[in-house]
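What you see below is based on every heavy atom in this structure, not just the backbone, and it leaves out hydrogens, waters and symmetry mates. Everything quoted here is computed from the prediction, not taken from an experiment.
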Amino acid sequence: MSKKILIIDDDRDLRDFLQQAFVAAGFEVDTAERGSIGMRKLLSDNYHLALVDYNMPEISGPNICRALRKHDNTRNLPVVMITSVFYSPEQVAEAQSDYGVTDFLLKPFTGNDLQQLLEEIFSVGGAKKPKQEKSQPISDYTVPLKLQELYRNKSTGMLHLQRGDAKKVIYIKDGYPIFTRSNVLSECLGRMLVAEGEITQVDCDQSVDRSKETGRLQGTVLIEMGLLTPQDLKDALVRQVTDKLLSTFAWRSGTCQFVPTAEFKKNVTNIKMSPASLILQGVNKYWVPKQLDDFLYAFNNDYLTLAQNPIYRFQDIDLGKRGEAIIKDCRGTKTMQDLLQLHPLSRREVQKILASLIISEMLERSLEPVKGLVEEPVEEVEDDIVDDKLRRKILDDYKRIMDSDYFAVLGMGRQCGPGEARKAYYRLAKEYHPDRFLGNDLSKEMSNKINEMFNYITQAYTVLSDKDSCAGYLDELVNGPRKSLDINQVIEAETCFQEGSALLKIRRYKAAAKSLLRSIELSPEEPEYMSNYALALFKSDPDEEQVQNRAMEILLASRELSPSNDLTHLTLGYVYQAMEKDRQAEKSFEMAVQANPNCTDALRELRLINLRREQAPQSKGMFKKFMKKKDL
């Protein structure tokens with residue numbers, strides 16, 4: 001089934017050009033000449049991509065995007081904005097944060113630009129195609145930080161590393177390193193076994209000669225020579241591919257590049273260690289004192305505490321007795337310097353442990369001590385389960401968990417609070433964290449089921465640990481799903497908002513208030529609609545006490561819904577000024593600037609307040625009043 005694209009643009013020629021280009025590329029394409037028509041299509045049908053003109057009459061591109069992000073069926077829809085205004089990476093990031101745009105298509109564009117856009121969003125075959133990274137230089141900390149980044153993103157592909165003539169490729173599957181290839185001669189199996197004292201150099205040379213004569217692998221020849229058992233060979237191959245990876249921690253120069261792919265060499269010897277464990281071993285073996293000092297310098301005064309995200313917290317890692325002791329002290333009440341001073345005779349060992357835990361994100365940092373953090377006890381889970389029993393347990397648990405509601409999954413009653421949810425989640429996360437199943441040689445099917453269970457448990461905790469989302473979820477369980485989306489109402493509300501905003505800009509305040517009132521009647525809990533209506537209402541008659549009170553009422557409600565909306569705080573400041581509440585007005589203007597440092601209107605008002613304050617006559621009475629206020 002081909003992917004479906006919607007183009008929303010009032011320029012007919014551009015619509016036709018884009019439609020022809022995408023149809024030729026094998027996509028199903030619809031078009032809309034107005035924003036309201038386009039939104040109706042997007043909310044009522046299933047599309048895989050929307051291209052929207054930035055400057056649209058009726059409903060602008062950014063407001064279309066904002067509206068789409070409010071609804072479940074379009075919340076994650078890729079939206080590309082078409083514009084002739086240049087957007088820097090910083091502006092793109094700001095737009096993504098502000099109204100959720102996925103990317104920009106800059107006018108004028110070529111066929112190659114369209115092709116690149118499609119490749120970045122999905123491949124010709126329809127599957128999502130990850131963007132290939134550019135090659136980047138290797139510095140002191142590149143390799144471990146890169147491994148953690150790939151684990152965090154659950155990436156699958158090949159990490160190519162090169163330093164001079166030395167080349168290595170690390171296979172990454174779902175964020176886990178599973179194999180390493182190398183062209184470094186000293187890392188071949190025979191030389192590694194000689195270095196370990198498992199065989200002599202004479203044995204190694206003889207095995208190489210026989211391998212060349214027979215065409216068999218060196219490991220097989222060593223077994224035939226009676227120098228290794230099959231189990232010895234298996235263990236040696238695991239050590240070999242692991243050491244190939246760990247030795248890259250000593251690289252201080254070169255290049256690295258991650259190439260997304262699911263095509264790996266077959267029948268490779270898998271590394272059965274978590275990224276966190278590999279990072280700890282690599283840092284322990286290869287990081288030099290200066291490297292440790294330089295890396296940890298920036299964190300000296302940070303307070304360290306255990307990660308709250310179980311994805312990182314319960315990684316499989318053997319810290320040893322020293323590491324376990326350090327972990328117990330990481331409760332957010334001690335800085336890194338404090339922790340190092342607790343172990344003066346083993347400073348380097350402690351530095352390596354802390355560096356590894358920070359890179360692996362098993363420790364979180366804060367500038368202030370963490371107050372009130374109480375760790376819930378976690379029940380230990382038995383790890384020694386035979387394969388067949390483990391498989392049956394996974395299947396039984398999968399059916400039970402995936403068929404249960406969120407309360408049943410966490411084993412909670414419906415009146416339990418966030419504390420109970422957190423305790424239950426930590427217990428289950430410990431049991432079902434994917435790291436726990438490393439080394440069990442599970443099939444792809446079993447591994448996928450474990451990941452699904454862990455994600456479902458995480459989703460259950462996310463909902464039930466928040467009071468509002470928990471109440472909404474419980475309401476749906478008791479009373480059934482909420483009323484389906486009224487698309488026409490959404491369109492009308494957004495259209496009225498656009499009309500009101502345009503009238504507000506040209507200072508037709510009464511007409512703007514009328515349109516904006518209709519928008520909040522249709523969508524009564526949309527903070528942006530409320531703030532704009534309150535502003536238009538207040539501007540229409542700023543001296544009328546009844547108008548002031550009504551605007552204040554709406555703005556306070558809007559602030560509850562969206563405390564970070566700078567327009568809400570700005571308008572509150574205007575209303576407080578009209579009511580001669582100068583201190584509240586100044587505070588509101590300050591909050592507007594905190595919400596948006598580029599809020600020029602609030603900055604102007606604050607400058608005027610300071611100017612009036614500086615020019616005010618310094619009478620004796622005012623001085624006494626000021627000193628009295630200061631004493632308070």
Can you sort out the partners of N300 under side-chain hydrogen bond (donor to acceptor under 3.5 Å, both in side chains), two or more places apart, ordered by chain and number?
none
If I take atom CG from residue L395 and atom NZ from residue K393, how far apart are they, to the nearest 0.5 angstrom?
11.0 Å
Is a donor on one side and an acceptor on the other found under 3.5 Å between the side chain of N153 and the backbone of S155?
no
Measure from the side-chain N and O atoms of S360 to the backbone N and O of M362, and report whether any donor-acceptor pair falls under 3.5 Å.
no
Would you please test L193 and L228 for side-chain contact (heavy atoms from CB on, under 4.5 Å) and show each step?
CA-CA 10 Å; L193 291 172; L228 293 179; 3.8 Å; yes
Test item: H160 and K167 side chains (from C-beta on) under 4.5 Å apart, heavy atoms:
no
Please, which pairs that meet salt bridge (Lys or Arg N to Asp or Glu O under 4.0 Å) have at least one residue in residues 190-208, sequence neighbours excluded?
E196-R239
Of T242, L150, L245, V241, which meets side-chain contact (heavy atoms from CB on, under 4.5 Å) against P177?
L245
So, is the end of the K154 side chain (NZ or CZ) under 6.0 Å from the ring centre of Y151 and within 45° of the ring's axis?
yes
Validation row: K334, L342 side chains within 4.5 angstrom (heavy atoms):
yes
Quick one: does L233's side chain get under 4.5 Å of L222's, heavy atoms only?
no
Would you check if V169 and L159 make a side-chain contact, meaning some heavy-atom pair closer than 4.5 Å?
no
For R210, which residues count as a salt bridge (Lys or Arg N to Asp or Glu O under 4.0 Å) partner, sequence neighbours excluded?
none
Beyond-backbone contact of C256 with T142, side-chain heavy atoms, under 4.5 angstrom
yes
Any side-chain heavy-atom pair from I359 and L145 closer than 4.5 angstrom?
yes
For Y432, ring-ring contact (aromatic ring centres under 6.0 Å, His included) partners two or more places apart:
none
Mark yes or no for whether S277, through its side chain, and S274, through its backbone, hold a donor-acceptor pair below 3.5 Å.
no
Salt-bridge test for K146 and E149: reply yes if a basic N is under 4.0 Å from a carboxylate O, no otherwise.
yes
Non-hydrogen atoms of A460 and V409 that approach each other most closely
CB-CG1, 4.4 Å
I'd like to check the ring-ring contact (aromatic ring centres under 6.0 Å, His included) partners of Y456; sequence neighbours left out, ordered by chain and number.
Y406
So which of Y176, F179, F258 actually passes ring-ring contact (aromatic ring centres under 6.0 Å, His included) with Y171?
F179
Residues passing the ring-ring contact (aromatic ring centres under 6.0 Å, His included) test with Y425, sequence neighbours excluded, are Y461
Hey, what do you get for OG1 (T248) to CZ (R163), rounding to the nearest 0.5 Å?
9.5 Å
Closest approach of W287 and L292, non-hydrogen atoms and distance?
CE3-CD2, 3.7 Å
Are Q162 and T255 close enough that a side-chain donor and a side-chain acceptor fall under 3.5 Å?
no
Contacts satisfying salt bridge (Lys or Arg N to Asp or Glu O under 4.0 Å) that involve residues 296-307 (not counting sequence neighbours) are D302-R365
Working to the nearest 0.5 Å, report the span between OG1 of T335 and CG of L304.
8.0 Å
Test your reading of the model: is there a side-chain donor-acceptor pair from T156 to the backbone of D174, 3.5 Å cut-off?
yes
Keeping the roles fixed (side chain from Q291, backbone from D140), state whether a donor-acceptor pair exists under 3.5 Å.
yes
For a quick test of reading the model, state the closest non-hydrogen atom pair linking A276 to I317 and the distance between them.
O-CD1, 3.6 Å
Is the Lys NZ or Arg CZ of R400 less than 6.0 Å from the centre of Y398's six-membered ring, within 45° of the axis?
no
Does I358 reach the side chain of E364, with side-chain heavy atoms less than 4.5 Å apart?
no
With side-chain contact (heavy atoms from CB on, under 4.5 Å) as the test, would you mind laying out the steps for V238 and I271 before giving the verdict?
CA-CA 6 Å; V238 172; I271 297 172; 5.9 Å; no
Before giving the answer on side chain to side chain donor-acceptor pair (under 3.5 Å), spell out for Q136 and Q257 the whole-Å C-alpha distance, their side-chain angles and the decisive distance to 0.1 Å.
CA-CA 6 Å; Q136 65 182 88; Q257 180 183 29; over 6 Å; no
Quick test of your reading: applying salt bridge (Lys or Arg N to Asp or Glu O under 4.0 Å), list the pairs with at least one residue in residues 337-359, sequence neighbours left out, ordered by first then second residue.
D293-R348, R322-E349
Would you check if the distance from the ring center of F454 to the ring center of H433 is below 6.0 Å?
yes
Considering residues at least two apart in sequence or located in another chain, which fulfil the ring-ring contact (aromatic ring centres under 6.0 Å, His included) criterion with H343?
none
Nearest-0.5 Å distance, CZ of residue R252 to OG of residue S139
10.0 Å
For the residue pair A592 and A602, what are the closest heavy atoms and their distance?
CB-CB, 3.8 Å
Can you measure from OG1 (T180) to CE (M158) and round to the nearest 0.5 angstrom?
11.5 Å
Proximity of Y286 and W251 rings by center, below 6.0 Å:
no
Only counting residues at least two apart or in another chain, list the ones meeting side-chain hydrogen bond (donor to acceptor under 3.5 Å, both in side chains) with T229.
D232
If you count the non-hydrogen atoms of other residues, nucleotides and ligands that lie under 6.0 Å from CG in D318, is the total more than 12?
no
With sequence neighbours excluded, residues passing side-chain hydrogen bond (donor to acceptor under 3.5 Å, both in side chains) with Q206:
none
How far apart are the closest heavy atoms of V283 and S356, and which atoms are they?
CB-OG, 3.5 Å
Using side-chain contact (heavy atoms from CB on, under 4.5 Å), reason through L464 and F407 one step at a time and then give a plain yes or no.
CA-CA 8 Å; L464 300 188; F407 291 99; 3.7 Å; yes
Where do T305 and C330 land on the side-chain contact (heavy atoms from CB on, under 4.5 Å) test, with the steps shown first?
CA-CA 5 Å; T305 186; C330 293; 5.7 Å; no
Close side-chain approach of I279 and L357, heavy atoms under 4.5 Å
no
CG of D165: more than 12 outside heavy atoms within 6.0 angstrom?
no
Carboxylate-amine/guanidinium proximity below 4.0 Å for R181 and E187:
no
Among residues two or more places apart or on two chains, list those pairs meeting salt bridge (Lys or Arg N to Asp or Glu O under 4.0 Å) that have a residue in residues 280-290.
K290-D294
Minimum heavy-atom distance A424-L410, with the two atoms named
CB-O, 3.2 Å
Nearest-0.5 Å distance that lies between atom CD in Q341 and atom CG in L339:
9.5 Å
